[in-house]
Colleague: 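This is the structure, below, for whatever I ask next.
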Amino acid sequence: MSTPAPVRYLEHELTVYRRLWRSSLVSSFLSPVLFLAAIGGTVGRAIDRHGVGHFGGASYIEWLAPGLMAANAMQVAIQECFHPVLGGFKWTRTFIGAAATPLQPGNIVTGRLTWVGLRSLLLSGAYLLVAALFGAVTHLGAVWAVPVAALTGLAFAAPATAWAATRDRDDSFSSIQRFAVLPLFLFSGVFFPISQLPAVLRPLAYLLPLWHGVVLCRAIALGHAGGWAAVGHVAVLVAYIAAGTVAAVWAFDRRLHS
């Protein structure tokens with residue numbers, strides 16, 4: 001049986017990662033340790049001590065950790081899809097080489113997004129392990145938050161891939177990080193409930209994918225997931241992935257065959 005075309009491109013990403021996994025492993029554990037220690041272990045204790053840190057029966061660090069996992073998946077996915085995608089066209093020209101084989105633009109996009117999904121899955125698993133060491137995981141079912149976090153990462157990876165494939169310079173990447181990704185990180189329910197935002201801003205948070213990933217990861221980790229609400233959160237994330245993938249395939253096809 002022949003190897004599916006997207007898997008052939010995925011093999012390229014895995015081959016490259018074999019030489020880089022040691023350095024990425026350090027950052028995979030260092031980031032959650034720093035966040036959970038600095039925020040959950042200090043600010044969280046102060047909040048709990050004053051009696052306002054119990055969110056649905058959980059301590060602040062238990063409430064915080066799943067949201068941080070989803071937000072971390074978002075950040076990793078965007079980092080994997082801005083400069084690496086632009087570089088694949090302009091600097092390393094990996095995509096140009098792949099297009100010279102029988103691989104089609106859709107195969108390349110699918111293979112690359114599969115890689116980003118796997119990377120988000122691995123990093124989210126590492127995050128959950130660190131959170132457990134900090135005592136922030138109280139339900140065995142929290143393991144199911146890991147694929148949801150990876151799904152959240154893909155909801156950003158697909159549109160980011162489409163955007164990067166249309167760029168000739170990286171000027172816009174830092175602006176997106178500063179004026180879009182950072183506000184999302186701060187105001188999508190990661191650190192405090194959306195209900196504390198001004199009423200005019202809440203609909204915007206509800207429309208964007210990070211809030212859906214944060215809420216669903218948190219519900220699973222705290223043992224509250226279920227019902228149509230969970231289905232709705234997944235549907236929003238899948239819709240972003242589908243729309244972003246279609247846009248990315250169009251952008252790759254236009255750039256590779258123009």
Colleague: Among all residues two or more places apart in sequence or in another chain, which pass the salt bridge (Lys or Arg N to Asp or Glu O under 4.0 Å) test with Arg255?
Modeller: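 Expected list: Asp168.
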Colleague: Exactly one of Thr114, Ile108, Asn107 should register a side chain to side chain contact (heavy atoms under 4.5 Å, CB included) with Thr110. Which one does?
Modeller: Thr114
Colleague: Determine whether Val146 and Tyr127 make a side-chain contact, defined as any pair of heavy atoms from C-beta on separated by less than 4.5 Å.
Modeller: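 Val146 vs Tyr127: side chains apart.
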Colleague: Over all heavy atoms of both residues, which pair between Gly213 and Val148 is shortest? Give the atoms and the distance, please.
Modeller: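 Scanning both residues completely, I find the closest heavy atoms to be O-CG1, 4.3 Å.
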Colleague: To the nearest 0.5 Å, how far apart are CG in Leu128 and CG in Leu123?
Modeller: 12.5 Å
Colleague: Can you tell me how far apart NZ (Lys90) and CZ (Arg93) are? Round to the nearest 0.5 Å.
Modeller: 11.0 Å
Colleague: Going by salt bridge (Lys or Arg N to Asp or Glu O under 4.0 Å), name the residues that satisfy it together with Arg169, two or more places apart in sequence or in a different chain.
Modeller: Asp171
Colleague: Quick one: closest heavy-atom pair of Met69 and Ser124, and the distance?
Modeller: SD-O, 3.4 Å
Colleague: Has Arg218 got a side-chain atom pairing as donor or acceptor with Glu62's backbone, closer than 3.5 angstrom?
Modeller: no
Colleague: Give the cluster check for Val246 versus Leu154: same hydrophobic cluster or not, with ILVMFWY residues linked at side-chain heavy-atom distances below 4.5 Å.
Modeller: no
Colleague: Does Pro193 offer a backbone N or O that forms a donor-acceptor pair with the side chain of Gln196 under 3.5 Å?
Modeller: no
Colleague: When clusters are formed by joining ILVMFWY residues with side-chain heavy atoms under 4.5 Å apart, either directly or through shared neighbours, do Leu121 and Ile78 land in the same one?
Modeller: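 Shared cluster, yes.
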Colleague: Side-chain heavy atoms under 4.5 angstrom apart, residues restricted to Ile, Leu, Val, Met, Phe, Trp, Tyr: same cluster for Val143 and Leu122?
Modeller: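 Shared cluster, no.
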Colleague: Let me know which of Phe185, Tyr240, Tyr206 forms a ring-ring contact (aromatic ring centres under 6.0 Å, His included) with Trp211.
Modeller: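 Going through the options one by one, the only one that passes is Tyr206.
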Colleague: Would you kindly confirm whether Val238 and Val109 end up in one hydrophobic cluster when ILVMFWY residues are joined by side chain heavy atoms under 4.5 Å apart?
Modeller: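 In one cluster with Val238: Val109, yes.
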Colleague: Counting N and O atoms only, with roles assigned by atom type, does the side chain of Thr92 sit under 3.5 Å from a partner on the main chain of Gly87, one being a donor and the other an acceptor?
Modeller: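 Yes, Thr92 side chain to Gly87 backbone: donor-acceptor pair under 3.5 Å.
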Colleague: Within a strict 4.5 Å, meaning less than it, do heavy atoms of the Val85 and Phe95 side chains meet?
Modeller: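 Touching, per the 4.5 Å side-chain cut-off.
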Colleague: Return yes if some donor-acceptor pair links the side-chain N/O of Arg112 with the main-chain N/O of Thr161 below 3.5 Å, else return no.
Modeller: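 No, because the side chain of Arg112 does not come within donor-acceptor range (under 3.5 Å) of the backbone of Thr161.
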Colleague: With under 30° as parallel and over 60° as perpendicular, where do the rings of Trp63 and Tyr60 fit, or are they tilted in between?
Modeller: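 Geometry flag for Tyr60 against Trp63: parallel rings.
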Colleague: Any chain of hydrophobic side-chain contacts (each under 4.5 Å) joining Leu36 to Phe191?
Modeller: yes
Colleague: Taking atom CH2 of Trp228 as the centre, does the number of heavy atoms from other residues, nucleotides or ligands within less than 6.0 Å exceed 12?
Modeller: no
Colleague: Starting from the C-alpha separation in whole Å, work towards a yes-or-no answer on side chain to side chain contact (heavy atoms under 4.5 Å, CB included) for Trp115 and Glu80.
Modeller: CA-CA 10 Å; Trp115 159 244; Glu80 286 283 337; 3.6 Å; yes
Colleague: Once you round to the nearest 0.5 Å, how far does CH2 of Trp163 lie from CZ of Phe173?
Modeller: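 Between atom CH2 of Trp163 and atom CZ of Phe173 there are 8.5 Å.
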Colleague: Do Val130 and Phe134 come within less than 4.5 Å of each other through their side chains, counting heavy atoms only?
Modeller: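 Yes - at least one pair of side-chain heavy atoms lies under 4.5 Å apart.
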Colleague: Can you see which heavy atom on Ala158 is nearest to which on Thr245, and at what distance?
Modeller: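 Closest approach of Ala158 to Thr245, heavy atoms only: CB-N, 3.6 Å.
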Colleague: How long is the gap from CD1 on Ile61 to CG on Leu68, to the nearest 0.5 Å?
Modeller: 9.0 Å
Colleague: Please name the pair of heavy atoms, one in Leu186 and one in Phe192, separated by the smallest distance, quoted to 0.1 Å.
Modeller: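 Shortest heavy-atom contact: O-CE2, 3.6 Å.
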Colleague: I need the Trp144 CH2 to Cys217 SG distance, nearest 0.5 Å.
Modeller: 13.5 Å
Colleague: Below 4.5 Å, heavy atoms only, C-beta onward: do Leu151 and Leu216 meet side chain to side chain?
Modeller: no
Colleague: Checking the side chain of Thr101 only, and the main-chain atoms of Ala98 only, is there a donor and an acceptor separated by less than 3.5 Å?
Modeller: yes
Colleague: Check whether any side-chain heavy atom of Leu184 lies under 4.5 Å from a side-chain heavy atom of Phe156, and answer yes or no.
Modeller: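 With C-beta onward as the side chain, the pair touches.
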Colleague: Could you pull out the closest heavy-atom pair between Ala225 and Ile220, with the gap in Å?
Modeller: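 In terms of heavy atoms, the two residues are closest at CB-CG1, 3.6 Å.
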Colleague: Any donor-acceptor pair under 3.5 Å linking the side chain of Arg119 with the backbone of Ala77?
Modeller: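 Such a contact is absent between Arg119 side chain and Ala77 backbone.
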Colleague: Which label fits Trp91 and His83: parallel for a plane angle under 30°, tilted from 30 to 60°, or perpendicular past 60°?
Modeller: parallel
Colleague: Is there side-chain contact between Cys81 and Val116, with at least one heavy-atom pair below 4.5 Å?
Modeller: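 They are in side-chain contact.
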Colleague: Gln79 and Pro84: which non-hydrogen atoms are nearest, and at how many Å?
Modeller: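 What the structure gives for the nearest pair is O-CD, 3.3 Å.
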Colleague: Quick one: CG on Leu182 to CD on Gln177, what's the gap to the nearest 0.5 Å?
Modeller: 9.0 Å
